[in-house]
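Have a look at the structure below before the remarks.
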Amino acid sequence: MISVSENIKNITPYVPGKPIEELERELGISGSIKLASNENPLGTSPKAVAAIRKSLEGLNRYPDGSGFYLSRALAKNYGVDISQIILGNGSNELIELAVRTFVQPGDEVVSADPSFVVYKMITQAGGGTNVIVPCRDNRHDLDAMAGAITAKTKIVFIANPNNPTGTMNTRAEMDRFMGRVPDHVLVAVDEAYFEYVTHADYPDSLDYLKAGRNVLALRTFSKIYGLAGLRIGYGITSRELAELMNKVRQPFNTNSPAQAAALAALGDRKHVEKSIAVNNEGKQFLYQSFQRLGVSYVPTETNFILFETALDHAELYGALLKAGVIIRPMGGRKLRVTIGLPEENKRFVSELEKIVKA
């Protein structure tokens with residue numbers, strides 16, 4: 001038998017949200033809704049769809065390995081040099097590239113719990129040591145995370161806003177944290193949901209990067225831009241760090257339709273603004289519904305809400321599945337629901353009410 005390292009053997013695989021087709025096939029039902037994976041319920045920008053169709057004419061050719069046009073647009077949008085942009089097959093690939101580039105076996109990576117599990121998985125797979133700092137009041141405890149940094153620490157992952165709690169850390173908290181981070185540490189700030197944030201005190205990680213700090217901003221087209229199926233994200237960092245990451249990046253890691261769609265979506269501000277408006281409206285409806293039902297929830301800065309009932313998460317999740325509503329169980333009595341279209345939110349609340357009041 002082929003020998004495999006204990007790091008790999010002991011990884012708990014990531015379990016994605018159940019696809020609608022799989023649920024309906026298993027239960028013999030139809031008309032289901034999926035509110036499990038924080039996808040944009042409005043779908044993809046019409047401009048992006050048109051760009052995808054046009055790109056299909058050149059599928060016999062390899063994609064632009066540098067993603068020049070998309071990278072140039074992103075650089076202009078954020079006021080950085082094109083050499084500071086690195087594209088990825090979703091921001092997940094960029095997380096992996098960061099660990100592969102900067103973490104050697106025995107090095108430490110600091111992250112929070114609960115937070116995006118991929119940080120821990122990739123660190124473990126690469127032979128790094130996970131240093132996990134519990135969240136406090138459902139938010140990253142940045143003071144404790146700064147205190148966990150040692151001479152062996154290579155990366156600190158911060159999800160802001162955080163998944164699965166939906167919470168954010170403020171500018172004052174980030175300022176204090178960055179003031180304690182030594183120069184040998186890369187601060188990777190996962191901002192997959194930053195476009196949804198409404199809080200006035202949300203910090204922009206690019207401010208620290210432009211001040212000369214070792215920061216990697218991780219962003220994606222999977223969420224508000226509605227391109228989850230094409231897997232394209234981007235990182236913004238210093239020219240020197242991007243150059244190092246590009247040394248381990250696979251050639252042609254982002255495909256032609258994804259690059260074309262992302263470029264078109266980036267320019268469709270109307271679709272983004274409509275997505276934000278639908279999300280804010282749905283958020284308030286779900287808040288009011290949870291309050292009416294006596295369901296506790298965590299106020300969110302994202303397009304999902306973490307909530308808790310008196311039922312076990314598996315029990316409630318299973319009951320909702322049978323009703324054709326897919327959400328995300330999170331352990332204990334906690335679950336996460338994506339904010340959907342008005343009719344999807346109403347259906348979720350209707351089915352939830354039947355279960356919790358049964």
Side-chain angles (χ1 to χ4, degrees), residues 12-44 114-117 138 161-167 192-193 196 222-224 226-229 274-358:
T12 301
Y14 180 83
V15 180
K18 186 181 286 290
I20 290 177
E21 296 81 6
E22 181 181 342
L23 170 69
E24 294 185 339
R25 184 175 62 250
E26 288 179 358
L27 300 182
I29 60 177
S30 59
S32 303
I33 59 171
K34 182 186 178 187
L35 301 173
S37 300
N38 310 333
E39 297 147 336
N40 186 336
L42 289 179
T44 305
S115 192
F116 191 37
V117 298
N138 292 304
N162 187 35
N163 178 14
T165 62
T167 54
Y193 302 94
Y196 288 107
S222 294
K223 303 304 178 182
I224 204 164
L227 294 174
K274 184 176 181 181
S275 299
I276 293 171
V278 168
N279 191 72
N280 289 340
E281 179 183 348
K283 181 194 303 185
Q284 294 305 316
F285 171 77
L286 290 174
Y287 283 175
Q288 294 166 10
S289 299
F290 285 146
Q291 292 165 7
R292 177 175 59 83
L293 296 175
V295 171
S296 63
Y297 64 91
V298 179
T300 186
E301 292 292 337
T302 64
N303 67 335
F304 59 83
I305 302 176
L306 185 70
F307 69 97
E308 184 173 356
T309 73
L311 300 174
D312 178 77
H313 73 108
E315 180 182 357
L316 180 54
Y317 171 70
L320 286 170
L321 279 185
K322 292 178 181 177
V325 178
I326 312 170
I327 63 170
R328 185 80 166 175
M330 300 305 303
R333 296 192 299 271
K334 296 180 179 180
L335 301 99
R336 190 191 70 195
V337 61
T338 303
I339 300 169
L341 295 172
E343 58 269 25
E344 294 174 325
N345 297 330
K346 290 176 183 177
R347 180 172 171 188
F348 160 69
V349 169
S350 175
E351 298 298 341
L352 176 65
E353 183 171 9
K354 294 176 186 176
I355 297 166
V356 299
K357 288 192 172 183

What's the separation between atom CD1 in Ile276 and atom CG in Asn303, rounded to the nearest 0.5 Å?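 Result: 11.0 Å between the selected atoms.
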
Rounded to the nearest 0.5 Å, how far apart are CG of Asn279 and CD of Gln284?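 The CD atom of Gln284 is 10.0 Å from CG of Asn279, to the nearest 0.5 Å.
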
What closest approach, in Å, do [X] and [Y] show between heavy atoms, and which atom pair accounts for it?
| X | Y | result |
| --- | --- | --- |
| Leu320 | Ile327 | CD1-CD1, 3.5 Å |
| Thr165 | Asn138 | OG1-O, 3.0 Å |
| Lys283 | Ile305 | O-CD1, 4.4 Å |
| Ile339 | Thr302 | CD1-O, 4.1 Å |

In a table with atom names and distances, give each donor-acceptor pair under 3.5 Å that connects a side chain of residues 348-355 to protein atoms at least two apart or in another chain.
{"from": "Glu353", "atom 1": "OE1", "to": "Arg292", "atom 2": "NH1", "distance (Å)": "3.4"}
{"from": "Glu353", "atom 1": "OE2", "to": "Arg292", "atom 2": "NH1", "distance (Å)": "3.2"}
{"from": "Glu353", "atom 1": "OE2", "to": "Lys357", "atom 2": "NZ", "distance (Å)": "3.3"}

Any donor-acceptor pair under 3.5 Å linking the side chain of [X] with the backbone of [Y]?
| X | Y | answer |
| --- | --- | --- |
| Asn38 | Thr338 | no |
| Thr309 | Val295 | no |
| Asn162 | Pro114 | yes |

Between [Y] and [X], do the side chains contain a donor N or O and an acceptor N or O under 3.5 Å apart?
| X | Y | answer |
| --- | --- | --- |
| Ser275 | Asn40 | yes |
| Glu24 | Ser32 | yes |
| Tyr317 | Asp312 | no |

Could you tell me whether the side chain of [Y] reaches within less than 4.5 Å of the side chain of [X], counting heavy atoms only?
| X | Y | answer |
| --- | --- | --- |
| Thr300 | Thr167 | no |
| Phe116 | Pro164 | no |
| Tyr297 | Leu306 | no |
| Leu35 | Ile33 | yes |
| Phe307 | Leu316 | yes |
| Lys223 | Glu39 | no |

So Phe304 and Asn163, side-chain contact (heavy atoms from CB on, under 4.5 Å) or not? Walk me through it. CA-CA 9 Å; Phe304 59 83; Asn163 178 14; 4.0 Å; yes

What residue pairs, at least two apart or across chains, pass salt bridge (charged side-chain N to carboxylate O under 4.0 Å, His left out) with a residue in residues 321-346? Glu308-Arg333

Atom CD of residue position Gln291 - does it have more than 12 heavy atoms of other residues, nucleotides or ligands inside 6.0 Å? yes

Partner set under side-chain hydrogen bond (donor to acceptor under 3.5 Å, both in side chains) for Arg347, not counting sequence neighbours: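 Arg347: no side-chain hydrogen bond (donor to acceptor under 3.5 Å, both in side chains) contacts found.
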
